[in-house]
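Report on the following structure.
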Amino acid sequence: MSELSTVAELSMRDCFVDTTTALLAEKPRTALVLADISASLFASAAERHPDRVLNVGIREQLMVGVAGGLALTGLRPIVHSYAPFLVERAYEQIKLDLDHQAASAVLVGIGGSFDRAESGRTHFSPADVALFDTLGDWTVHVPGHPGEVSGLLRATVAADTSAYLRLSILQNDRAYAGAGDLVVVRDAGPGAALLVAVGPMLDAALAAVADLPVTVAYTHRPRPFDVAGLRALAGTEVILVEPYLAGTSARVVSAALADRPHRLLTLGVGREELRRYGSAEDHLRWHGLDPAGLRRALTGFLTPAAVAG
């Protein structure tokens with residue numbers, strides 16, 4: 001069995017656990033701070049590195065504060081929990097104990113947007129990436145396949161800057177290595193509308209534009225956004241498809257194209273409170289992020305000539 005096929009059978013969370021466990025053994029500066037979530041998956045690592053694998057219990061604010069203190073002593077902390085607990089619940093500590101103190105850490109969230117929909121609104125986090133936009137120069141990675149996780153995590157830990165790695169149960173059929181900058185996956189030729197798909201939204205986007213003259217580009221690094229790549233590819237019609245709050249990257253795209261006429265359609269998780277449980281797939285459909293929903297939005301946005309073409 002090839003390495004890629006082996007990785008494809010793992011979840012993003014599995015790849016994160018395996019890579020973090022390896023980093024703790026390889027790099028003495030690496031530390032891991034938990035708030036009970038995934039603690040059992042790191043039990044063997046905690047036994048081997050009891051001074052660098054810390055579980056603070058169900059205290060997410062403390063988890064981030066401890067990570068800030070570790071960073072200020074010279075360690076490289078990885079901080080992990082479900083996205084709503086890691087980002088929304090502990091936002092003040094991210095702002096003060098990391099950002100304000102210039103203490104860098106790698107935050108790794110699972111359950112992005114509505115992966116744990118059966119647990120209700122407490123486990124939803126569509127606004128997480130938007131919250132990082134209120135802070136300093138954070139890097140945000142949104143992998144679309146388990147095969148992208150290990151390389152992103154290793155590079156992020158080595159970078160010594162603050163970063164958020166957003167993991168999900170949703171995934172594309174294949175990995176795209178080195179897709180921080182925009183990678184053209186489908187080229188519809190000069191003048192075509194440009195669709196930028198972030199992370200696990202790529203496959204649905206490709207299905208939605210199957211017979212439309214739309215160029216599709218992919219990225220698993222929405223921050224910093226590949227502005228140069230966007231300007232090189234964009235015509236007058238640009239579509240953003242993101243797996244979190246709709247419009248999160250609108251300001252970046254609008255600023256990048258401010259000197260040229262363009263129309264922008266932003267698709268993502270809607271702001272309406274649905275008050276439903278269901279599954280992640282149900283919420284994709286309810287928010288119009290399945291292929292059929294994306295197709296409806298695209299045909300309503302693209303010029304009639306483009307749709308007919």
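Nothing here was measured: the structure is a model prediction, and the numbers come from that model. For reference, positions follow the sequence shown, starting with 1.
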More than 12 non-hydrogen atoms from neighbouring residues, nucleotides or ligands closer than 6.0 Å to CD1 on Ile58, yes or no?
-> no
4.5 Å side-chain heavy-atom contact, Leu274 and His287 = yes
What's the shortest heavy-atom distance between Val142 and Pro200, and which atoms?
-> CG1-CD, 4.0 Å
Atom CD of Gln61 and atom CZ of Arg89: how far apart are they, to the nearest 0.5 Å?
-> 7.0 Å
Heavy-atom distance under 4.5 Å between the side chains of Val214 and Leu298, does that happen here?
-> no
Summary of ring pair (Phe, Tyr, Trp, His ring centres under 6.0 Å) pairs that have at least one residue in residues 31-52, sequence neighbours excluded | Phe16-Phe42
Nearest heavy-atom approach of Ala90 to Glu60 is CB-O, 3.8 Å
With rounding to the nearest 0.5 Å, note down the distance linking CD1 in Ile169 to OG in Ser113.
-> 11.0 Å
For the pair Asp282 (side chain) and Ser279 (backbone), establish whether a donor and an acceptor sit closer than 3.5 Å, ignoring hydrogens and angles.
-> yes
dist Asp181:CG -> Asp226:CG (nearest 0.5 Å) comes out at 4.0 Å
Ignoring hydrogens and angles, state whether a donor on the side chain of Thr122 or Arg116 is under 3.5 Å from an acceptor on the partner side chain.
-> no
For the student: nearest non-hydrogen atoms of Ala246 and Gly268, plus distance = CB-N, 3.5 Å
Does a sphere of radius 6.0 Å around CD in Glu118 hold more than 12 heavy atoms from other residues, nucleotides or ligands, not counting ones at 6.0 Å or beyond?
-> yes
Is there a chain of hydrophobic side chains (I, L, V, M, F, W, Y, each step under 4.5 Å between heavy atoms) that links Leu107 to Leu54?
-> yes
First locate atom CH2 of Trp286, then atom CZ of Phe114, and finally report the distance between them rounded to the nearest 0.5 Å.
-> 10.0 Å
Roughly how far apart are Leu34 CG and Leu86 CG, rounded to 0.5 Å?
-> 11.0 Å
Quick one: do the Thr21 and Asp18 side chains pair a donor with an acceptor below 3.5 Å?
-> no
Can you get from Val53 to Val64 by hopping between Ile, Leu, Val, Met, Phe, Trp and Tyr side chains that sit under 4.5 Å apart?
-> no
Side-chain heavy atoms under 4.5 angstrom apart, residues restricted to Ile, Leu, Val, Met, Phe, Trp, Tyr: same cluster for Leu135 and Met63?
-> yes
Contact summary for Val79 and Ala105, nearest pair of heavy atoms | CG2-CB, 4.3 Å
Does Leu167 belong to the same Ile/Leu/Val/Met/Phe/Trp/Tyr cluster as Val129, with side-chain heavy atoms less than 4.5 Å apart forming each link?
-> no
Compare all side-chain heavy atoms of Val252 with those of Arg223 and state whether any distance is below 4.5 angstrom.
-> yes
Start with the C-alpha gap between Asp97 and Glu92, add the side-chain angles, then the distance that decides, and say whether side-chain contact (heavy atoms from CB on, under 4.5 Å) holds.
-> CA-CA 8 Å; Asp97 297 347; Glu92 185 176 15; over 6 Å; no
Taking side chain as C-beta onward, heavy atoms only, is Leu194 less than 4.5 Å from Leu230?
-> yes
Okay, side chain of Arg186, backbone of Ala210: is any donor-acceptor separation there less than 3.5 Å?
-> yes
For Glu272, enumerate each residue passing the salt bridge (Lys or Arg N to Asp or Glu O under 4.0 Å) test, keeping only those at least two apart in sequence or located in another chain.
-> none
Contacts of Arg231 that satisfy side-chain contact (heavy atoms from CB on, under 4.5 Å) - sequence neighbours left out = Val227, Leu257, Asp259, Arg260
Looking only at heavy atoms, the pair that brings Val140 and Pro222 closest together is O-CD, 3.1 Å
Side-chain donor or acceptor of Thr299 paired with backbone N/O of Arg296 under 3.5 Å | yes
Between Arg29 and Asp160, is there a side-chain N and carboxylate O pair less than 4.0 Å apart?
-> yes
Cys15 and Glu148, any side-chain heavy atoms less than 4.5 Å apart = no
Start with the C-alpha gap between Thr19 and Val157, add the side-chain angles, then the distance that decides, and say whether side-chain contact (heavy atoms from CB on, under 4.5 Å) holds.
-> CA-CA 11 Å; Thr19 304; Val157 169; over 6 Å; no
Ionic contact status for Arg166 with Asp128, cut-off 4.0 Å = yes
Any donor-acceptor pair under 3.5 Å from Arg76 side chain to Thr30 backbone = no
Val216 reachable from Leu170 in the ILVMFWY side-chain graph, under 4.5 Å edges = yes
Does His123 have its ring centroid less than 6.0 Å away from the ring centroid of Tyr82?
-> yes
Keeping the roles fixed (side chain from Ser254, backbone from Arg251), state whether a donor-acceptor pair exists under 3.5 Å.
-> no
Quick one: does Tyr218's side chain have a donor or acceptor within less than 3.5 Å of a partner on Gly144's backbone?
-> yes
Passes salt bridge (charged side-chain N to carboxylate O under 4.0 Å, His left out), Arg59 versus Asp36? Steps please.
-> CA-CA 9 Å; Arg59 300 175 180 88; Asp36 268 2; over 6 Å; no
Leu289 vs Leu294 side-chain heavy atoms within contact, under 4.5 Å = yes
For the residue pair Val253 and Val238, establish whether any side-chain heavy-atom pair is separated by less than 4.5 Å.
-> yes
For Trp138 and Ile94, what are the C-alpha separation, side-chain angles and deciding distance, and is it a side-chain contact (heavy atoms from CB on, under 4.5 Å)?
-> CA-CA 11 Å; Trp138 280 70; Ile94 295 172; 3.8 Å; yes
Would you say the side chains of His141 and Thr156 form a donor-acceptor pair under 3.5 Å?
-> yes
Validation row: Glu273, Arg121 side chains within 4.5 angstrom (heavy atoms) = yes
Between the CG atom in Leu302 and the CG atom in Leu265, the distance rounded to the nearest 0.5 Å is 8.0 Å
Asn172 side chain to Asp203 backbone, donor-acceptor under 3.5 Å = yes
Judged by atom type as modelled, is there a donor-acceptor pair below 3.5 Å linking the side chain of His80 to the main-chain atoms of Val108?
-> yes
Looking only at non-hydrogen atoms, find the nearest pair between Ser104 and Ala71 and report the distance.
-> O-CB, 3.4 Å
Report the C-alpha distance between Leu10 and Val149 in whole Å, list the side-chain angles of each, state the deciding distance to 0.1 Å, and finish with yes or no for side-chain contact (heavy atoms from CB on, under 4.5 Å).
-> CA-CA 11 Å; Leu10 300 174; Val149 173; over 6 Å; no
Neighbour count above 12 (heavy atom, 6.0 Å) for Asp137 CG | no
